[in-house]
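For reference, positions follow the sequence shown, starting with 1. Computed from a predicted model, the values in this text were never measured in an experiment.
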Amino acid sequence: MKSTLLLLSISTIGSWAFSTTNSHDRTQQSHPLGTCLKGSPDETEWTSDFDDFIPGSNPNSDGDDSSSGSAPAIASIFQRRGNRDWSGIQSRQFSLGEDLVLADFVGKMGFDEVTDWEYYYENEEDPSDRKVVQPNPFDDSKPKRTRKSSGSVVRVFRGEFVGRLGGTLRSMGLDNRVLVKEFTGEMALQLARYEMLSVGKLQSELLADNEDAADGLWIQMASSRTATARNDDSNVCELVKRLSKSKSAPFLGILGEVNLAELEDDWDPNEFYRALSVPPPKEGAIWIVYEYAGLNTCATYSEPAQLRRSRIPPKKTFFGVKEAPPLPEWRKRADYVVKGIMKGAIEAVAELHDSGIAHRSIGRSSVILTSRTQDKAEPSSVYATDTTFLSIKLSDFGFSGLLEESTYDDEFLMRARSFGFSFRKGDNSLAATNFAMAEDLHALGFVFLGLILSSLAELPRLDSPMPATDEDTLQRLLGEIFDKDIEQFREYVEAEEVWKSLVDYLDENDGAGWTVLETLFKAREKAAENKNSLSVITARGLLSNPFFQ
């Protein structure tokens, strides 16, 4: 019997890489024509991990394979989605200059394809006879995961509402700042559309008790904003209030779009470039206006506290130069991360699933650390230990979809088959819903692991080497080297001196912390075990674990 070693793409995920010119929150002075001078040239990196939908390719290939059919596969899901948007975001168009102005260019987002591979021997006489094998994890010629960048497709700007709308928001004690994302190119435009559909549904549920919104009056006013601007402004203010103050809004809200069509005749590309040091919008681009929740995420928080403190500049006082104060004690910082950030993220995912939506793109940059107050940066401070004003929001819904429609996606069906499921396209079963939720929980587990291993590491010196904590490394450690054995992984973590306190913390209450992590990592395996039962794995069920008490 002859056999040949082959490989198969079993799971392809998308990853956003976000380079930003300035990640600090600050008050902006706006140019009267709608723009102001650029921000600081200091650059930091954002990364976000978007799980699914992009079809795989051979890891040894190069070049653009955007014609592989990914767009129709994604669209096939959302064509079946109801157009429920009581908040009117698909109809509302703001005027640049009259309603809002741009303050500065924040950065740009690029798309990466991240593909997981499975190796197997195929019987040449019987192609259906396959034997899956695990390659040597240290053999670079047989990678289990590959990554390929697609370049920048989204630009991000910071702005603010002005005029009557801006004044009304300020008079209500609300934030008049906004985030504006420019989506350019076919793929980006589709992601923008899908994001508006999912967020529109979430915001409709947020407005369920508002009779005018439920009766469609908000949509009517948004559609005729030029004639009913005062009434629509009132609706926008109400939406901003609910998004920023309600615990039932653990997502980055959308307020509408910028009307670029009205600028076509008067647009001065040179003025735009002089003001923001970036080219003007490309033809066919759309600008979506989001609520302002700051620019701080789990990605920006995931760094040893000593390093973050070392970058705080000293302050000049009357008595001389004052260095940054010492860090809060480790235990307080650990409680903040676990009982504030991690617990808040689980609650956010639970709300999402309760609304019937799978995120499918949870990564460190899609978990926003913000505040219900005007100071959006305070909760991400290295000195933050009080969870009172901490608010966690999920962003990046470009790959999200309805839980009940998960089986319309071929990539989802392929991943499910690798765990022993045999769903048919269009199946609407409890097992399919359970697996879709389990995928979100699995992704959240790696967000948490990277967060605690980096932010709670104790470096003996600022120049001390730090073990890698990026997602690809952690996936490789858990999935390939330790074969998902949490005990072996614990021994690996325990062997590093920088994680001694963290291991002790996770060991408390009979290893409650490790139990939470293992539950998240193995959520898909658990869903497969329960495929013939009525048992459901939920994010909300994790909140009763002693780890979060």
Side-chain angles (χ1 to χ4, degrees), residues 78 80-95 98-100 161 163-179 192-259 288-293 347-357 359 370 372-373 391-395 397 400-405 540:
F78 293 95
R80 295 169 174 80
R81 174 181 297 186
N83 187 25
R84 183 188 182 194
D85 172 27
W86 293 348
S87 59
I89 59 174
Q90 298 180 56
S91 306
R92 181 177 298 110
Q93 298 226 329
F94 298 108
S95 295
E98 181 179 347
D99 294 322
L100 66 85
F161 284 125
R164 181 179 58 241
L165 177 55
T168 303
L169 286 167
R170 290 192 297 270
S171 69
M172 297 173 64
L174 300 174
D175 201 333
N176 67 318
R177 292 174 293 178
V178 294
L179 206 63
R193 177 62 174 168
Y194 306 152
E195 181 154 333
M196 292 190 75
L197 288 170
S198 286
V199 175
K201 181 180 186 301
L202 291 168
Q203 292 181 171
S204 296
E205 296 190 5
L206 186 64
L207 296 169
D209 62 343
N210 187 298
E211 293 184 3
D212 288 346
D215 290 342
L217 295 180
W218 278 40
I219 297 177
Q220 294 178 23
M221 294 176 190
S223 301
S224 55
R225 180 171 171 78
T226 54
T228 61
R230 187 178 297 275
N231 290 332
D232 191 50
D233 284 351
S234 176
N235 295 340
V236 172
C237 291
E238 176 63 21
L239 181 57
V240 171
K241 178 181 177 181
R242 295 194 181 208
L243 288 170
S244 60
K245 304 296 183 182
S246 174
K247 290 186 177 181
S248 300
F251 56 89
L252 187 66
I254 295 177
L255 306 176
E257 296 181 38
V258 175
N259 188 350
I288 299 181
V289 182
Y290 296 78
E291 67 164 319
Y292 190 75
E347 290 172 339
V349 172
E351 286 286 341
L352 203 64
H353 290 172
D354 288 348
S355 298
I357 291 180
H359 191 285
T370 186
R372 297 186 183 91
T373 67
S391 179
I392 301 296
K393 285 180 176 284
L394 297 176
S395 65
F397 286 86
S400 62
L402 298 178
L403 287 169
E404 63 185 20
E405 295 180 347
R540 203 171 295 284

- Nearest 0.5 Å please: distance from the CG atom of Leu165 over to the CG atom of Asp232. 8.5 Å
- Pairwise side-chain contact, Lys393 with Pro250, heavy-atom cut-off 4.5 Å (strictly under): no
- Is there a donor-acceptor contact under 3.5 Å from the side chain of Ser355 to the main chain of Ile357? no
- Query: Which pair of heavy atoms, one from Ala222 and one from Gly88, lies closest together, and at what distance?
  - Reply: CB-O, 3.7 Å
- Message: If you define the side chain from C-beta out and look only at heavy atoms, does anything of Leu255 sit under 4.5 Å from Phe161?
- Response: yes
- Message: Tell me whether Asp99 is salt-bridged to Arg164, with the criterion being a basic N under 4.0 Å from an acidic carboxylate O.
- Response: no
- Message: Does any part of the side chain of Glu257, heavy atoms only, come nearer than 4.5 Å to the side chain of Met196, both counted from C-beta?
- Response: yes
- Is the shortest distance from a Lys or Arg side-chain nitrogen in Asp175 or Arg170 to a carboxylate oxygen in the other one below 4.0 Å? no
- How many angstroms lie between atom CG of Asn235 and atom CH2 of Trp86, to the nearest 0.5 angstrom? 14.5 Å
- Are Arg242 and Asp209 ion-paired here, with the side-chain N under 4.0 Å from a carboxylate O? yes
- Message: Closer than 4.0 angstrom, basic N to acidic O: yes or no for Arg540 and Glu347?
- Response: no
- Is any side-chain heavy atom of Tyr292 closer than 4.5 Å to a side-chain heavy atom of Asn176? no
- Message: Closer than 3.5 angstrom, by distance alone: can the side chain of Gln203 be matched with the main-chain N or O of Ile254 as a donor-acceptor pair?
- Response: yes
- Message: Could you tell me if the side chain of Phe397 sits less than 4.5 Å from the side chain of Phe251, heavy atoms only?
- Response: yes
- Task: State, without any angle test, whether Asp85 and Ser87 hold a side-chain donor-acceptor pair at a distance under 3.5 Å.
- Result: yes
- Would you indicate whether the side-chain heavy atoms of Val349 and His359 approach each other to under 4.5 Å? no
- Message: Contact between Leu206 and Leu202 at the side-chain level, heavy atoms closer than 4.5 Å - yes or no?
- Response: no
- Query: Can you name the closest pair of heavy atoms from Ser198 and Gly401 and give their distance?
  - Reply: OG-N, 4.3 Å
- Message: For Gly253, is there any backbone N or O sitting under 3.5 Å from a side-chain donor or acceptor partner on Glu291?
- Response: yes
- Arg92 to Arg225 - nearest heavy-atom pair and separation: CG-CD, 4.3 Å
- Message: Determine whether a donor-acceptor pair (N or O, by modelled atom type, separation under 3.5 Å) exists between the side chain of Ser224 and the backbone of Gln220.
- Response: yes
- Donor-acceptor pair, Ser244 side chain versus Lys241 backbone, under 3.5 Å? yes
- Any side-chain heavy-atom pair from Trp218 and Asp212 closer than 4.5 angstrom? yes
